[in-house]
Chemist: 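This is the structure I want to talk about, given as structure tokens.
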Amino acid sequence: MTRRLLVTSALPYANGAIHLGHLLEHIQTDIWVRFQRLRGHEVIYVCADDTHGAATMLKAEEAGVSPETLIESLRVAHAADFQGFLISHDNYYSTHSPENKALSESIYLALRERGLIFTRGVEQLFDPARGMFLADRFVKGNCPRCQSPDQYGDNCDACGATYDAMELGAPRSLLSGATPERRTSDHYFFDLPQYTDFLRGWHERGAVQPEVANKLTEWLDAGLKPWDISRDAPYFGFVIPGTEDKYFYVWLDAPIGYMASFANLLGQRGRSDEFGAWWDRDSTAEVHHFIGKDIVNFHALFWPAMLDGAGYRTPTRIHTHGFVTVDGTKMSKSRGTFINASTYLRHLKPEYLRYYFAAKLNGTVDDIDLNLEDFVARVNSDLVGKIVNIASRCAGFITRLCDGVLAPALHQPELWQRYRDAADSIAGCYERGDTARALREITALADLANQYIAEHAPWTLAKDPAQRDAVRAIATQGVELFRMLMLYLSPVLPGMARATEDFLAIPPLTWSDLDRPLLAHRINAFTPLIGRLEAEAVERMIADEREAHVDVSAPAAASAAPASSDVSAIEPFKPEIGIDDFARIDLRVARIVAASPVEGADKLLRLTLSLGDSERQVFAGIRSAYDPTALVGRLTVVVANLAPRKMRFGTSEGMVLAAGPGGRDIFLLSPDSGAEPGMVVR
RNA sequence: GGCUACGUAGCUCAGCUGGUUAGAGCGCGGCAUUCAUAAUGCUGAGGUCGUUGGUUCAAGUCCAACCGUAGCUACCA
């Protein structure tokens, strides 16, 4: 029976490049998709960029472009990165699209019609300087429980407390530095609690993995809360119908983006009338979402509830994966392990990573570790040494001794049958997402082939012209076993599968090609299908990625650091001074009233500082770490009696204090709230 | 703090509903081989299954506590 499958990967957010984390998910999805296609099912694989939200708006502002320009350039870049990794999206769209707007509005209206939407006043922090409400992410202050300074608006890094942003002590806006005020505005809510029983049933019916179901049960038992689906202007997104200044929260329209990308694809293919066959309540098609474990709540609570509320079918399955770590730790920009797709592709072939991730993915939510040493060893020994080697060591006999034509019969049909018998088990592994097990079974088959070849030693027989047929039979068996292996591996290694088809001079492989061995057939001369993965290339990639995040102009202090140290070197202390020496330095609290980049200077910002009753201009080499607009309004500390210094761009009348090695790691000092410009620091 | 996972040979991982002396691949030692992108075959060494306690005739496998790691804790995306 042919299944109709709509498959998605989570939508990458339009604020940065594609990195290893996105790649894990898309590679996982793509393997599943290609497996299903190989089996002859109808698969549509769509994705898109997730574009809305205050973050996009601010980012565009910072870059000095419109949000539309920003998101389109990122969408193009993202799509190219995915193509580079052989990800076979049928459509890579955007949530900022007419289809998504129409669907979001109609779903919202349907929910409202069913009494699932209500409004309620919500009090939130408001940035008076920027004229906007502040998401938790854009506020910092003191933790209400442990008083740790500099904590975000939702929880405390130091003590783990969770709280409301309004409970923060001495809050300040990260956008303007201003002190936020409390304001109330009406918000629109989706009445999620009405869906508690529905969701419980949906989870129990196997739509999620058991570990995920546990987590969801915990949330359900704790009691669901209505979901706030609106944001006040200014916001980049879709206006809520019937309002002037309320927008859909980005997480409302993001999953609808799956439907919208799908609708757009149908439009391109002139099949728009089929939409309902996939999304109506009685649809017999399947919908599969691949996501990371961090966004389970959106996909397994809000999303199915919204769909059902609006009269659509719910997803068939949510496939949740863990996070990527590199050498056992979180990806880190300074260590060079925050690896971007484009950096990877400059140094390494995509199929190395596809193979390695496939060897690790097992369908659970466990994190996946990219151990770089293991990566090199595994790819070389399995892919090159074990699998490709089978073709490499057999093909020569066929080409040189047999005119390129395979024998008419198998030398050892029982061995071939063992390969054939593995099909169901391997298919089951792919279907469950346990590609690690699939690859274990496949490489075990490869071991059998190498043993077989060693046992029959065709190179010995080849010395005797009378044994020509025996040599051909053995080499044919080897080539055929290799064909079977590549068929099994083709979802993981699509590029190598294509190259294998060229080598064997056969049409694209399908699952039914397992039924009949390739015999009495002319093949092409073998050329290496994939080279070895050089450890040096991996090192170059890491170095490249590390450099991309380090400011070249940063002080060379790091070079003095012991190689074993992860943190920046602690600079040696300077010679002792007396208090009189210190007293000569006039440190003052200053408010940054204006900040702008300096034309012609890479590192400098021009700051206008207020010291109470006077203002002065100071140049600061902090451009690599601070966005000028984010500095305006905030307090800092300035050396007020530093001799003025003439620079190419003007005179600098002081120096602001900052710590850190340089590059992105520059940290401007700021006094606790209450300090006023002009106050002496002592 | 609460919750959810995970913690098995140097490395990466298997070990299904508890049942003989705990497995694989890589790496390492030895032997063989030379067709092959120094790839392959045979063979050897290597583990108190995070710790402690418990249930059981029997526990890596169940329970509890603790330690460690990662994540979640909804109006960040």
Chemist: A/Asn362 side chain: which of B/C35, B/C75, B/A14 is closest?
Modeler: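 Nucleotide nearest to A/Asn362's side chain: B/A14.
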Chemist: Can you figure out which of B/A5, B/A14, B/C76 approaches the side chain of A/Asn214 most closely?
Modeler: B/A5
Chemist: How is A/Asn15 classified with respect to the nucleic acid when contacts are heavy atoms under 4.0 Å: base, sugar-phosphate, or nothing?
Modeler: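 The residue A/Asn15 makes no contact with any strand.
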Chemist: Counting only side-chain heavy atoms from C-beta out, which of B/A74, B/A36, B/A70 sits nearest to A/Leu301?
Modeler: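 Nearest listed nucleotide: B/A74.
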Chemist: Using heavy-atom distances to pick each residue's nearest nucleotide on RNA chain B, tell me which of A/Phe397 and A/Ile295 is more 5'.
Modeler: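 Result: A/Phe397.
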Chemist: Report the nucleotide, chosen from B/U73, B/C72, B/C35, that has the shortest atom-to-atom distance to any side-chain atom of A/Asn297.
Modeler: B/U73
Chemist: Measure from the side chain of A/Asn389, starting at C-beta and using heavy atoms only, and say which of B/G2, B/U40, B/C75 lies closest.
Modeler: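 Between B/G2, B/U40, B/C75, the one nearest the side chain of A/Asn389 would be B/U40.
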Chemist: Could you pull out all donor-acceptor pairs under 3.5 Å where a side-chain atom in residues 382-389 of chain A meets a protein atom, sequence neighbours excluded?
Modeler:
from     : atom 1 : to       : atom 2 : distance (Å)
A/Asp382 : OD2    : A/Tyr355 : OH     : 3.0
A/Lys386 : NZ     : A/Asp447 : OD1    : 3.3

Chemist: Looking only at side-chain atoms of A/Lys360, point me to the closest of B/A70, B/U40, B/U12.
Modeler: B/U12
Chemist: So, does A/Arg532 get its side chain near the phosphate of B/A39, meaning an N or O under 4.0 Å from OP1 or OP2?
Modeler: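 Yes, such a contact exists.
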Chemist: Supply the atom-to-atom distance A/Met166 CE to A/Leu125 CG, rounded to the nearest 0.5 angstrom.
Modeler: 6.0 Å
Chemist: To the nearest Å, give me how far apart NZ (A/Lys349) and C1' (B/U37) are.
Modeler: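 My rounded result for the distance is 11 Å.
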Chemist: Check the interface with nucleotides 26-28 of chain B: list each N/O to N/O pair with the protein under 3.5 Å, or write none.
Modeler:
none

Chemist: Could you write out RNA chain B as a dot-bracket string, with dots for unpaired bases, | for bases paired across to another strand, and Watson-Crick or G-U pairs counted at under 3.5 Å?
Modeler: (((((((..((((.....[...)))).(((((.......))))).....(((((..]....))))))))))))....
Chemist: Side chain of A/Pro528, heavy atoms from C-beta onward: which of B/A77, B/C76, B/U37 has the nearest atom to it?
Modeler: B/U37
